[in-house]
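Everything on this sheet refers to the single structure shown next.
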Amino acid sequence: MGTLSEVVSSTGKIILFFNESVRLIFAKPSRFAEIIRHMEFIGNQSIGIICLTGGFTGLALSLQLYLGFKLFNAVNMVGPTVALGITRELGPVLTGLIVAARAGGAMAARLGTMRVNEQIDALDVMGVNTKQYLVSPRLVAAFICMPLLVAVFDFVAMLGSWFLCVKMVGLDEAVFWQKIADFIEIRHINEGLLKGMVFGIYFALMCTYRGFNTTGGAKGVGEATNQGVVQSMVGIIILDYFATNMIRLFYSLVGIT
C-alpha cells in the first residue's frame with residue numbers, strides 16, 4: 001500500500017511540476033537565448049550519433065528482411081517494409097532512447113549538481129524563477145529538436161537501406177523507390193514526428209524533475225541521473241505502445257484505413 005501511495009504521490013508531483021514549467025514558458029522575462037542554447041545541445045550535438053545509429057539500423061533491418069523475403073521471392077518489398085518500420089516505430093523510439101540517454105542524463109546531472117551545490121537556492125534568493133530559467137527552456141528545446149532528429153534518423157536509415165538493397169544485393173533501384181512511394185504516405189512520417197515530440201517532452205520532464213529535486217550530495221546526483229535516464233527510456237517504450245494505439249483509434253474514428 002505504501003508503494004502505491006508513493007507512486008501516486010510522485011506522479012502528482014511530476015504533473016504539477018510539468019504544469020508549472022509549461023505555464024512559465026510564456027512568462028517574462030523571455031528565455032529565448034536559453035532555448036537556443038539547449039536546442040544546440042539537444043539537437044546539434046546529437047546529429048552525429050543519430051546518423052551513425054540510423055545508418056546501421058537501416059542496414060541491419062534491410063539485411064534481415066532481405067534474407068526473409070528472399071525465401072518467398074518477395075525481395076522488392078524490403079524497401080517499403082523498412083520504410084514503414086523506420087518512420088512509424090523504430091525512428092522515433094530509437095531516437096528517443098538515444099537522446100534521452102545522451103541529453104537527458106546530462107540535464108539531470110547538471111541540475112542535480114546545481115541543487116546539491118546550492119546554486120539553485122542562490123538563484124531563488126536572487127529572485128530568479130528557477131523553473132522558468134532552468135526547466136522550461138529545456139522542455140521547449142526537446143519539444144522542437146526531437147521531431148527534427150527523428151526526421152534525420154529516418155532519412156539516414158533509408159539511405160542505409162538503399163545502399164544495402166541496391167548497391168550490395170543488387171535490387172533494381174527504380175523498383176526500390178517506386179515500391180516505397182506506393183506504400184508510404186505522409187501520415188506515416190507524421191506519426192513518427194508526433195511521437196518524437198511526445199518523447200522529447202517526456203524525457204526532458206523526467207530528467208529535469210529528477211535533477212531539480214536531487215538530495216543527498218554527490219551520491220544523490222548519481223541516483224537522480226540514473227533514475228531520470230532509466231525512467232525516460234522505459235517510459236518511451238511504454239508511451240510508444242499507447243501512442244500507436246491512440247493513432248490507430250483516431251484513424252478508425254475518421255475513417256482512415
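Quantities reported herein were computed from a predicted structural model and do not represent experimental measurements.
- Interatomic distance, Phe143 CZ to Met39 CE, rounded to the nearest 0.5 Å: 11.5 Å.
- Of all the heavy atoms in Lys131 and Pro137, the pair that sits closest is O-CD, 4.5 Å.
- Expressed to the nearest 0.5 Å, how far CZ of Phe199 lies from CG of Leu194 amounts to 9.0 Å.
- Here the closest heavy-atom approach between residue Leu111 and residue Ile120 is recorded as O-CD1, 3.8 Å.
- Nearest approach of Met77 to Phe69, heavy atoms of both residues: O-CE1, 3.8 Å.
- The backbone N or O of Ile49 sits less than 3.5 Å from a side-chain atom of Thr53, completing a donor-acceptor pair.
- Remark: the backbone N or O of Ser5 is not paired with any side-chain donor or acceptor of Ser9 at under 3.5 angstrom.
- Side chains of Glu20 and Leu16 form no contact here, defined as non-hydrogen atoms less than 4.5 Å apart.
- For the atom pair Arg187 CZ and Ile189 CD1, the distance stands at 11.5 Å (nearest 0.5 Å).
- More than 12 heavy-atom neighbours from other residues, nucleotides or ligands sit within 6.0 angstrom of CG on Leu253.
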If you apply the rule side chain to side chain contact (heavy atoms under 4.5 Å, CB included), what do you find for Leu24 with Tyr133, and how did you get there? CA-CA 9 Å; Leu24 290 171; Tyr133 181 62; over 6 Å; no
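- Counting heavy atoms from C-beta outward, Val156 and Ile50 have side chains that stay 4.5 Å or more apart.
- Atom CZ of Arg138 is separated from atom CZ of Arg37 by 6.5 Å, given to the nearest 0.5 angstrom.
- Side-chain contact annotation: Tyr209 with Gln227, donor-acceptor N/O pair under 3.5 Å absent.
- Residues Gln45 and Arg102 are in side-chain contact: their nearest non-hydrogen atoms beyond the backbone lie under 4.5 Å apart.
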Any chance you could lay out the side chain to side chain contact (heavy atoms under 4.5 Å, CB included) test for Ser161 and Leu59, step after step, and finish with the verdict? CA-CA 5 Å; Ser161 178; Leu59 286 167; over 6 Å; no
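- The hydrophobic clustering, which links ILVMFWY residues whose side-chain heavy atoms are closer than 4.5 Å, places Phe72 and Leu61 apart.
- Glu173 has no carboxylate O lying under 4.0 Å from a charged side-chain N of Lys167, or vice versa, which leaves the two without a salt bridge.
- The number of heavy atoms from other shown groups lying within 6.0 Å of CG (Asn73) does not exceed 12.
- Distance alone, capped at 3.5 Å, is enough to place a donor-acceptor pair between the Ser136 side chain and the Ser21 backbone.
- Once rounded to the nearest 0.5 Å, the distance linking CZ of Phe41 with OG of Ser46 reads 7.0 Å.
- The two residues Thr87 and Ala83 come nearest to each other via the heavy atoms OG1-O, 2.7 Å.
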Apply side chain to side chain contact (heavy atoms under 4.5 Å, CB included) to Leu134 and Arg110, showing your working. CA-CA 10 Å; Leu134 298 174; Arg110 177 68 181 274; over 6 Å; no
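- Residue Val175 is not grouped with residue Met168 when hydrophobic side chains (ILVMFWY) are merged at heavy-atom distances under 4.5 angstrom, including chains of intermediate members.
- Counting heavy atoms from C-beta outward, Ile247 and Lys195 have side chains that approach closer than 4.5 Å.
- Taking both residues in full, the closest heavy atoms of Pro92 and Val150 are given as CA-CG2, 3.8 Å, listed atom of the first, atom of the second, then distance.
- The hydrophobic cluster containing Tyr202 does not contain Ile238, counting ILVMFWY residues as joined when their side-chain heavy atoms lie under 4.5 angstrom apart, directly or transitively.
- Hydrophobic clustering (side-chain heavy atoms under 4.5 Å, transitive across Ile, Leu, Val, Met, Phe, Trp, Tyr) keeps Val7 apart from Phe18.
- Counting heavy atoms from C-beta outward, Met197 and Met146 have side chains that stay 4.5 Å or more apart.
- Aromatic ring centres of Phe17 and Phe212 lie closer together than 6.0 Å.
- Shortest non-hydrogen contact noted between Leu148 and Ile144 is CG-O, 3.5 Å.
- Taken to the nearest 0.5 Å, the CE atom of Met114 stands 10.0 Å off from the CG atom of Asp121.
- Proximity of Val140 to Glu34: side-chain heavy atoms (C-beta onward) are nowhere separated by under 4.5 Å.
- Side-chain heavy atoms closer than 4.5 Å link hydrophobic residues (I, L, V, M, F, W, Y) into clusters, and following such links, even through other members, never connects Tyr241 to Leu249.
- The shortest side-chain heavy-atom distance between Tyr66 and Leu171 falls under the 4.5 Å cut-off.
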For Arg210 and Thr225, what are the C-alpha separation, side-chain angles and deciding distance, and is it a side chain to side chain contact (heavy atoms under 4.5 Å, CB included)? CA-CA 7 Å; Arg210 293 301 175 191; Thr225 304; over 6 Å; no
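- Of the possible donor and acceptor atoms, none in the side chain of His38 sits under 3.5 Å from a partner among the backbone N and O of Ile35.
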